[in-house]
There are 2 protein chains.
Amino acid sequence: MPHGNGMGPRWWHRRFRGCGYRMTVPRQAILDVLSKTSRHLSAEDVFMAVHKVYHHVGLTTVYRTLELLVQMGLVSKFDFGDGRARYELLEGSKDSGHHHHLICTKCGRIIDYTDFIDEEIKLLKETEKGLSKKYKFKITNHLIQFYGLCDKCKDKR
Amino acid sequence: MPHGNGMGPRWWHRRFRGCGYRMTVPRQAILDVLSKTSRHLSAEDVFMAVHKVYHHVGLTTVYRTLELLVQMGLVSKFDFGDGRARYELLEGSKDSGHHHHLICTKCGRIIDYTDFIDEEIKLLKETEKGLSKKYKFKITNHLIQFYGLCDKCKDKR
DNA sequence: TTGGTAATGGAAACCATTATCAATAAGGAG
DNA sequence: CTCCTTATTGATAATGGTTTCCATTACCAA
């Protein structure tokens with residue numbers, strides 16, 4: 001189901017133009033790659049996928065575009081501790097795609113989870129309010145990650 | 001109040017020996033530095049502080065020792081997104097020093113906070129239990145960070 | 001004291017990410 | 001459709017935190 005997230009080439013094009021940016025072949029290709037995977041791709045992953053179709057697109061452009069997408073709020077950038085950043089296209093228009101990650105410290109496997117989001121949001125709302133007041137800190141974002149051993153790794157050794 | 005955390009040279013020495021490691025001058029110096037600050041030092045920060053007293057201690061050893069301390073569970077390693085790892089000596093013997101961070105995305109300032117720990121622990125316990133069961137994932141650690149603008153930065157511009 | 005091994009440190013290697021800069025191409029005006 | 005402005009691109013070089021290498025040194029049990 002391509003572009004089942006309600007976005008797609010046309011939507012992205014408008015979004016870019018609205019920000020004063022141009023929609024180019026490399027940018028389109030990068031968005032395509034991100035929209036067709038559920039994995040957490042590194043810049044090089046994206047580069048290799050794009051490169052299969054458009055041999056002329058360079059790694060530099062991939063980095064630049066990913067950074068641009070992050071700044072536009074279309075993509076999230078994560079650090080799972082393996083020394084390279086990971087990128088993920090944000091689904092939907094609101095928080096509908098909000099999720100967190102379980103990270104296996106042995107094999108690096110990433111599991112997305114959306115459980116306990118309600119309780120989490122409640123705690124976060126409360127926490128954010130309290131912290132904002134106490135430290136006069138305007139919170140714009142948060143990160144929650146769990147580390148441990150996945151199904152396959154926890155029995156070995 | 002040196003070593004008010006109930007540890008100190010003697011305690012560390014025993015801990016090292018217990019793990020089959022040796023307590024050396026560089027390791028002692030690095031622990032000293034970490035125990036005398038409440039800031040979140042980078043490897044180079046630690047190196048420079050140690051270097052003032054022991055000119056012969058090398059950066060490589062600092063990296064190695066910090067990694068060792070992390071593995072021994074004496075030190076926490078954080079990534080605040082500025083491209084360098086930060087290290088923090090764990091206080092106390094249990095979770096008494098447990099805290100999280102507010103990170104100013106503009107100036108990089110870090111604020112430690114311990115508020116809402118009770119509610120947080122409740123949510124985490126619940127979440128961890130649920131996730132462990134659902135994904136057969138053994139959770140060993142978690143990370144919670146809030147990003148935003150600090151007091152001084154949020155009014156500017 | 002001695003032998004075996006852990007630990008060290010300087011230099012070089014690593015590697016993801018960024019900066020440089022001339023060449024290219026998107027898209028509005030005419 | 002064509003031109004023109006300027007954002008965008010991509011090959012290469014540079015950056016910078018962290019690791020690796022390896023010969024030397026320090027620790028400690030026997």
Side-chain angles (χ1 to χ4, degrees), chain A residues 9-10 12-33 40-72 74-75 77-87 108, chain B residues 9 12-31 33 40-72 74-75 77-87 108:
Chain A
R10 199 58 60 78
W12 291 326
H13 195 290
R14 279 200 303 274
R15 188 81 157 68
F16 270 73
R17 299 274 51 211
C19 295
Y21 300 129
R22 296 173 182 173
M23 176 51 78
T24 64
V25 171
R27 288 175 177 175
Q28 182 63 64
I30 289 165
L31 280 165
D32 275 346
V33 166
H40 310 80
L41 303 179
S42 68
E44 194 167 354
D45 291 335
V46 174
F47 169 69
M48 288 191 298
V50 169
H51 193 261
K52 280 182 191 162
V53 186
Y54 301 96
H55 283 221
H56 62 90
V57 175
L59 180 57
T60 304
T61 297
V62 172
Y63 272 106
R64 262 189 310 234
T65 301
L66 288 172
E67 200 53 44
L68 183 66
L69 293 171
V70 169
Q71 294 201 319
M72 290 173 69
L74 296 178
V75 165
K77 183 179 182 177
F78 290 96
D79 172 16
F80 297 143
D82 64 343
R84 60 186 60 195
R86 303 277 172 170
Y87 300 86
Chain B
W12 292 325
H13 195 289
R14 279 200 304 274
R15 189 81 156 68
F16 269 73
R17 301 275 42 213
C19 294
Y21 301 129
R22 297 172 182 172
M23 176 51 78
T24 64
V25 170
R27 288 175 178 175
Q28 182 64 67
I30 289 165
L31 280 165
V33 167
H40 310 80
L41 303 179
S42 66
E44 193 166 357
D45 291 335
V46 174
F47 169 70
M48 288 190 299
V50 169
H51 193 261
K52 281 181 191 164
V53 187
Y54 301 98
H55 283 223
H56 62 90
V57 174
L59 180 57
T60 304
T61 297
V62 171
Y63 272 107
R64 260 190 310 234
T65 302
L66 288 172
E67 200 53 44
L68 183 66
L69 293 172
V70 169
Q71 295 202 318
M72 290 173 69
L74 295 178
V75 165
K77 182 180 184 178
F78 291 96
D79 171 17
F80 296 143
D82 64 344
R84 59 186 60 194
R86 303 276 173 171
Y87 300 86

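We name chains A, B, ... by the order of the sequence lines, and we start the count at 1 in each one. All figures in this text were calculated on a predicted structure; none of them were measured in a lab.
Considering only the side chain of A:Thr65, D:dT9 comes nearest among D:dG10, C:dG9, D:dT9.
Note on B:Tyr63: every side-chain N or O is 4.0 Å or more away from OP1 and OP2 of D:dT19. One finds a side-chain N or O of B:His56 lying less than 4.0 angstrom from the OP1 or OP2 phosphate oxygen of C:dG9. At D:dT8, one or more side-chain N or O atoms of A:Arg27 fall inside 4.0 Å of OP1 or OP2 (strictly under the cut-off).
Rounded to whole Å, atom C1' of C:dT17 lies 15 Å from atom CZ of A:Arg86. Straight-line distance from the CD atom of A:Glu67 to the P atom of C:dT17: 10 Å, rounded to whole Å. In this structure, CZ of B:Arg84 is placed 16 Å from P of D:dT15, rounded to the nearest angstrom. B:Phe16 places its CZ atom 13 Å from the C1' atom of C:dA6, with the value rounded to the nearest Å. Taking atom CZ of A:Phe47 as the reference point, atom C1' of C:dC15 lies 15 Å away to the nearest angstrom. Rounded to whole Å, the distance from CE on B:Met72 to P on C:dA7 is 10 Å. What separates CD of B:Glu44 from P of D:dT15 is a distance of 16 Å, to the nearest Å. For the pair B:His55 NE2 and C:dG9 C1', the interatomic distance rounds to 15 Å; values are reported in whole Å.
Inter-residue side-chain proximity for A:Leu68 and A:Phe16 is flagged as met; some heavy-atom pair is nearer than 4.5 Å. No side-chain heavy atom of A:His13 sits less than 4.5 Å from a side-chain heavy atom of A:Gln28.
Put simply, CG on A:Leu69 and CZ on A:Arg15 are 9.5 Å apart, with the number rounded to the nearest 0.5 Å. B:Asp45 CG to B:His40 NE2: the interatomic distance, rounded to the nearest 0.5 Å, is 12.0 Å. Between A:Met23 atom CE and A:Arg10 atom CZ the span is 11.5 Å, to the nearest 0.5 Å. Atoms OH and CE, on A:Tyr21 and A:Met72 in that order, are 7.0 Å from each other to the nearest 0.5 Å.
Shortest non-hydrogen contact noted between A:His51 and A:His55 is O-CD2, 3.1 Å. A:Ser42 and A:Tyr87 make their closest contact through C-CD1, 4.4 Å (heavy atoms, listed as atom of the first residue, atom of the second, distance).
Mapped onto DNA chain D by nearest heavy atom, B:Tyr87 and A:Thr61 fall at different nucleotides, with A:Thr61 at the one closer to the 5' end.
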N/O-N/O pairs, protein side and nucleotides 11-13 of chain C side, under 3.5 Å:
unit_1: C:dA11; atom_1: N6; unit_2: B:Thr60; atom_2: OG1; d: 3.1

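Ring pair A:Tyr54/A:His56 is perpendicular by interplanar angle, where above 60° counts as perpendicular and below 30° as parallel.
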(Q) Return a single string for nucleotides 22-30 of chain D, one symbol per nucleotide in 5' to 3' order, where B is base contact, S is sugar-phosphate-only contact and - is none, cutoff 4.0 angstrom on heavy atoms. (A) ----BBSS-
